[in-house]
Amino acid sequence: MYQQARYLPAGDKSLVVEFGNEISEAVNGKIRGMMVVLEENPVEGITELVPTYRSLAVYYEPLVISYDDLCLALGSIEEKLGMLVLPNPKIVEIPTAYGAEFGPDIEFVARHNQLSVEEVIAIHTETEYLIYMLGFTPGFTYLGGMSEKIVTPRLKIPRTTIPKGSVGIAGAQTGIYPIDSPGGWQLIGRTPLLLYDPSQDIPVLLQAGDYVRFVPINASQYHLLESQIRSGEYRPVTYEMDRRG
Amino acid sequence: MQILEVIESGLLTTVQDLGRWGYQKFGVPVAGAMDGYSLRLANRLVGNQDNAAGLEVTMMGPTLAFCRSACVAVTGGDLSPQINGQDIAMWETVAVEAGDILSFAGLESGCRAYIAIAGGIEVPVVMGSRATYLRGKLGGFQGRQLRKGDCLEVGRSNSEVTIGSRVPAGLIPEYGEDYRVRVVLGPQDDYFTVESIAAFLAAPYIVTLEADRMGYRLEGAKIPHKAAADIISDGISLGSIQVPGHGRPIVMLADRQTTGGYTKIATVISSDIPMLAQAKPGDRVRFSQITVAEANSILRTMEEKLAAWNPIRPIVVQSGDCRSFQVKVNGCVYQIEVRES
């Protein structure tokens, strides 16, 4: 992580506040901190904030606030970030059916790592994964923190269609496909949760700065949840980080 | 209110407004008109707000049949618009009648035209916008480009314009085959040598066939990196110029993804995006470097010129015992005076 953030112009209507050149929870904490401060005390002229692995992209209206004034405003927020007490991050539980038709590649992942399928599930569900950012497709989460024990290369030939909700592994990353899409990730399970719903004001279930925890369910639980979600009876299980147990 | 039917779809005709801003942190691309300037002017010509939804028409225009009279305007690239086979003026408020056919005879200049209709194209608002994001099948008309047989609706028009209103000549861009595009260096210009930045700014680049709403791949002098070509992903702005390992630039445009892991040598200034969006495959693009402060003053000058021209007139004028109204019936404006005696 840098001693001081770098302020880099990205054209005349956005700038990048870069906190480091690494993927780390420390860098992410700074990004989340600046975002929280700006959301609570909006600076006039800022139009949109986009957190990424190592930086915060700040979109602004240059006829309302100049680049130099914006850098000053952001710089004074940066100075106080060390003193900031961030709200506890949220953990979202992702009920996930592993293996069989839900995760056709789980046996390959197990063989590749010389583990049993049960061990792969145990390792994948024991961690809380930080959502570093969203991108690639609407609602796609970049998660950090997967165990090295289940690292598996991508498929040699990507699938043309992967059903939404599929949970996969690509190298050292794990993630969830929010919409039906093509892709080359090794599929180990699937969640019935709706991760992306364009009809909602906040169209995604998972947001940058939250954590996810995968919770194993069986096929009948999957189908029950799926029908509850469809009828609107189910609400995702979320809690604050300090209440985990 | 139904307004028109698509008789022929054209190459790529989509419903667009000025974009779906505010949702990039959820991974939702902005989309919107590639040439927002031309859409804004088309909207003003028909009395709409700048951000109303219109049609973006690409290279080969559609054929559209109006099922009621309306007030329309066509701006942007010259695709030779016609009503019932007769040329019509671009950058001008035009009245159409029920049964009229709007078609395009062929590309003369630019790449994209914009059609605005009084009241704006009425499609559901998704995440604050009516813009079509094609890859995500989101917004616009059923999340896709228009097809033969589609019927579009318009909203109610609340303002009045005069048929024959025209955008002043000074505000109408001229499109050629050579585009000068101004950029601000960064955010990753430090990944490139002084020589490669000089090469990027000196050489003309050709727009390749891989040029769509997401971005333009350009062919020309290679831009070598100092070392790595990839970065840990960060945000992609409108106009970001990515340089992957092969050393050839890609300008990211309306349908760009929100984040990416390629180095970005520079960013096209917001005022030059509309012009660049009119470049078509085979056209030449030259980049020149300016500062953020210079970009700001270019933007301010342009917005001041735009603010000085607005054809929309107030609706009610009251003076003494005489009340004067403008009413619009089927797109035509009538002046009505009511005297009380």
Side-chain angles (χ1 to χ4, degrees), chain A residues 6-18 20-24 27 35 47-59 61-63 66-68 70-71 132-142 178-181 195-196 198-209, chain B residues 20-30 124 126-128 133 135-139 143 182-190 231-241 257-261 264 266-273 290-300 302-304:
Chain A
R6 299 173 73 203
Y7 293 77
L8 308 167
D12 59 330
K13 288 193 168 182
S14 58
L15 67 85
V16 172
V17 188
E18 192 177 282
N21 192 18
E22 64 196 29
I23 298 173
S24 74
V27 169
M35 219 167 140
T47 54
E48 190 164 356
L49 300 167
V50 184
T52 66
Y53 272 127
R54 61 182 184 143
S55 63
L56 183 66
V58 179
Y59 292 79
E61 187 42 70
L63 301 185
S66 73
Y67 176 80
D68 291 341
L70 183 56
C71 285
Y132 279 100
M133 63 179 202
L134 277 68
F136 173 55
T137 61
F140 186 88
T141 50
Y142 288 85
I179 52 175
D180 294 349
S181 42
L195 275 86
Y196 169 67
S199 71
Q200 299 298 309
D201 236 15
I202 294 177
V204 296
L205 173 64
L206 306 174
Q207 298 194 34
Chain B
R20 186 168 284 105
W21 293 93
Y23 293 84
Q24 293 181 86
K25 66 178 172 186
F26 304 135
V28 180
V30 175
V126 182
M127 292 177 231
Y133 171 50
R135 279 182 180 77
K137 301 182 178 69
L138 184 71
R182 291 161 290 191
V183 302
V184 172
L185 287 187
Q188 280 96 36
D189 49 316
D190 56 345
I231 54 167
I232 297 169
S233 291
D234 72 355
I236 300 179
S237 302
L238 178 58
S240 285
I241 302 174
Q257 66 271 38
T258 55
T259 59
K264 296 173 284 288
T267 313
V268 176
I269 66 167
S270 58
S271 308
D272 283 354
I273 294 282
I290 62 168
T291 64
V292 173
E294 286 166 336
N296 276 1
S297 85
I298 291 165
L299 179 67
R300 180 169 289 111
M302 194 190 77
E303 289 298 331
E304 281 168 2

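Keep in mind the model is a prediction, meaning the values are calculated, not measured. Proteins come first, then strands; the chains are lettered A, B, ... in the order of their sequence lines, and each starts at number 1.
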Could you tell me which portion of A/I23 (side chain, backbone, both or neither) has an atom closer than 4.5 angstrom to a non-hydrogen atom of chain B?
both
Strictly distance-based, threshold 3.5 Å: is any side-chain N or O of A/D12 a donor or acceptor partner for the main-chain N or O of B/I269?
no
Separation of B/Q188 CD from A/L8 CG (nearest 0.5 Å):
7.5 Å
Considering all heavy atoms of both residues, which atom of A/L134 and which atom of B/G27 are nearest to each other, and what is their separation?
CB-N, 4.0 Å
Rounded distance [0.5 Å steps], CD1 in A/I202 versus OH in B/Y23
8.5 Å
Using heavy-atom distances under 4.5 Å, tell me whether B/L138 contacts chain A through its side chain, its backbone, both, or neither.
side chain
With a 4.5 angstrom heavy-atom cut-off, could you sort out which part of B/I290 is near chain A: side chain, backbone, both or neither?
neither
Looking at chain A, which one of B/A295, B/A266, B/S233, B/G235 has the largest number of heavy-atom pairs inside 4.5 Å, strictly under?
B/S233
Select, from B/G186, B/S271, B/S270, the one with the greatest count of heavy-atom pairs under 4.5 Å involving chain A.
B/S270
Quick one: closest heavy-atom pair of B/V292 and A/P9, and the distance?
CG2-CB, 3.8 Å
Is any side-chain heavy atom of A/I179 closer than 4.5 Å to one of B/K137?
no
Chain A heavy atoms under 4.5 Å from B/I236: which part of the residue, side chain, backbone, both or neither?
backbone
Heavy-atom proximity to chain B below 4.5 Å, by part of A/L206:
neither
Considering all heavy atoms, the nearest B/D234-A/S55 contact:
CB-OG, 3.3 Å
Whatever's closer than 4.5 Å to a heavy atom in chain B on A/A10 counts as both
Which region of A/Y132, side chain (C-beta onward) or backbone (N, CA, C, O), has a non-hydrogen atom less than 4.5 Å from a non-hydrogen atom of chain B, or is it both or neither?
neither
Side chain, backbone, both or neither: which part of B/D190 has a non-hydrogen atom closer than 4.5 Å to chain A?
side chain
Grab the two heavy atoms, one from B/L299 and one from A/L63, that are nearest each other, plus how far apart they are.
CD2-CG, 3.9 Å
Starting at NZ of A/K13, measure out to CG of B/L238 and round the result to the nearest 0.5 Å.
8.5 Å
Grab the two heavy atoms, one from A/E48 and one from B/K25, that are nearest each other, plus how far apart they are.
OE2-N, 4.4 Å
Where on B/E303 is there a heavy atom nearer than 4.5 Å to chain A: the side chain, the backbone, both, or neither?
side chain
Which pair of heavy atoms, one from A/P138 and one from B/V28, lies closest together, and at what distance?
CB-CG2, 3.9 Å
Output the distance between atom OG1 (A/T137) and atom CD (B/Q257), rounded to the nearest 0.5 Å.
11.0 Å
Spacing of OH belonging to A/Y67 relative to OG1 belonging to B/T291, to within rounding of 0.5 Å
11.0 Å
Using non-hydrogen atoms and a 4.5 Å limit, figure out which bit of B/P29 sits close to chain A: side chain, backbone, both or neither.
side chain
Only pairs of heavy atoms separated by less than 4.5 Å count here; which of A/Q200, A/E22, A/R54 has the most with chain B?
A/R54
Do B/V126 and A/P198 have side chains that get closer than 4.5 Å, going by heavy atoms?
yes
Measure distances from B/S237 to the heavy atoms of chain A and classify the residue's part below 4.5 Å as side chain, backbone, both or neither.
both
